[in-house]
Protein chains: 2
Amino acid sequence: MKLSKTEEQLMQHLWKLEKAFMKDILEQYNEPKPATTTIATLLKRMTDKGYVSYATFGKSREYYPLIKKEDYFSNHLNGLIKNFFNDSASQFASFFTKETNLSDTELKDLRKIIDQQIKDNNK
Amino acid sequence: MKLSKTEEQLMQHLWKLEKAFMKDILEQYNEPKPATTTIATLLKRMTDKGYVSYATFGKSREYYPLIKKEDYFSNHLNGLIKNFFNDSASQFASFFTKETNLSDTELKDLRKIIDQQIKDNNK
DNA sequence: TTTTATATTCTACATTTGTAGAGTAATATT
DNA sequence: AATATTACTCTACAAATGTAGAATATAAAA
């Protein structure tokens, strides 16, 4: 099952912290911070969904993500690509470079990465 | 207000058809097709949200999207990038080229696009 | 014109999501 | 030890979402 928007946000914090107690998580939020119970509810739901686990330390818990950000994102992206670009990553790529205003440096960096990729592919 | 998942799917069909009557829309769905009323509900919600409009033709309506797929997608993508890559498109690009398995040809095409972009930027 | 297929509106309802209070247990502070 | 703080569970509830039946109007087919 997928994460909802707010759950995803919480995930971001967990990915950043790697592992965190309730108070660490709360710290990550900007004013107006959500109620502790709200976070607790989200954490429980995320645990149920299989995205989060925790280690019990005395009375409280240290939460940590069960999925790597990269993996989660990969799926996400694949869904997007499938939906919007007939499952064609290259079509997406082309759209992407046109629509996102990358600076010259960024574009050159990107080209470098691509060249590297081509090289790797042929190895 | 954003579109939900199913609404987004319906949008895809509208984008593809450009304009469509109820029956054209239903045709787009695979078995098991949703009930007509389900589509009707979605269309109404989407109309309320400002994504869809229609022309009345006698008894029924020809629906059409009010937003271009590209624009809608652009926002979408920007959200993603913001969330997952600290608002850095280039960071995203790099992730993208690494994670998506583009073929050699696709990569070369992409490089071509990038070169073109660089050229355009400096014009 | 009687029957049938279609489109639309209204109503409904279960599930998911966003948010948090009340209650309780454990821990830290005075 | 008495009190305040913190984390957690349970319960709740409004809004959004997914899905569709009932009723109605209308147009198409027989």
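Small disclaimer: the values here were computed from a predicted structure and weren't measured. Throughout, a chain's letter reflects where its sequence line sits, starting with A, and its residues are numbered from 1.
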Taken to the nearest whole Å, NZ/A/Lys2 to P/D/dG18 is 12 Å
Side-chain hydrophobic cluster, 4.5 Å single linkage: members besides B/Met1: none
Residues passing the salt bridge (charged side-chain N to carboxylate O under 4.0 Å, His left out) test with B/Glu7, sequence neighbours excluded, are B/Lys49
Could you run down nucleotides 24-30 of chain D 5' to 3' and tag each one B, S or - for protein heavy-atom contact under 4.0 Å? --SS---
Between which nucleotides of DNA chain C, 5' to 3', does chain B make heavy-atom contacts below 4.0 Å? C/dA7 to C/dT9
With sequence neighbours excluded, give me every side chain to side chain donor-acceptor pair (under 3.5 Å) pair touching residues 33-44 of chain A. none
Residues in ring pair (Phe, Tyr, Trp, His ring centres under 6.0 Å) contact with A/Tyr64, at least two apart in sequence or another chain: none
Measure the spacing between CD of A/Gln12 and NZ of A/Lys69 and express it to the nearest 0.5 Å. 5.0 Å
Within residues 20-49 of chain B: residues closer than 4.0 Å to DNA chain D (heavy atoms): B/Pro34, B/Ala35, B/Thr37, B/Thr38, B/Thr41, B/Arg45, B/Lys49
Sorted by first residue and then second, give each ring pair (Phe, Tyr, Trp, His ring centres under 6.0 Å) pair with at least one member in residues 94-115 of chain B; sequence neighbours left out. A/Phe73-B/Phe95, A/Phe92-B/Phe96, B/Phe85-B/Phe95
Using a cut-off of 4.0 Å on non-hydrogen atoms, how would the nucleic acid contact of B/Tyr63 be classed: base, sugar-phosphate, or nothing? sugar-phosphate
By side-chain hydrogen bond (donor to acceptor under 3.5 Å, both in side chains), B/Ser103 pairs with (sequence neighbours left out) B/Glu106
Can you give each donor-acceptor pair under 3.5 Å made by side-chain atoms of residues 13-27 of chain B, sequence neighbours left out, with the distance rounded to 0.1 Å?
| residue | atom | partner | partner atom | Å |
| --- | --- | --- | --- | --- |
| B/Trp15 | NE1 | B/Ile67 | O | 2.7 |
| B/Lys16 | NZ | B/Gln28 | OE1 | 3.4 |
| B/Asp24 | OD2 | B/Phe21 | N | 2.8 |

Check side-chain contact (heavy atoms from CB on, under 4.5 Å) between B/Lys2 and all other residues, then give those that pass, not counting sequence neighbours. B/Glu8, B/Tyr72, B/His76
Please tabulate, for side-chain N and O atoms in residues 109-118 of chain B, each donor-acceptor pair with protein atoms closer than 3.5 Å (sequence neighbours left out).
| residue | atom | partner | partner atom | Å |
| --- | --- | --- | --- | --- |
| B/Arg111 | NH1 | A/Asp115 | OD1 | 2.4 |
| B/Asp115 | OD1 | A/Arg111 | NH1 | 2.4 |
| B/Gln116 | NE2 | B/Asp120 | OD1 | 3.1 |

Using a cut-off of strictly less than 4.0 Å, decide whether B/Thr6 has a side-chain nitrogen or oxygen near OP1 or OP2 of D/dG18. yes
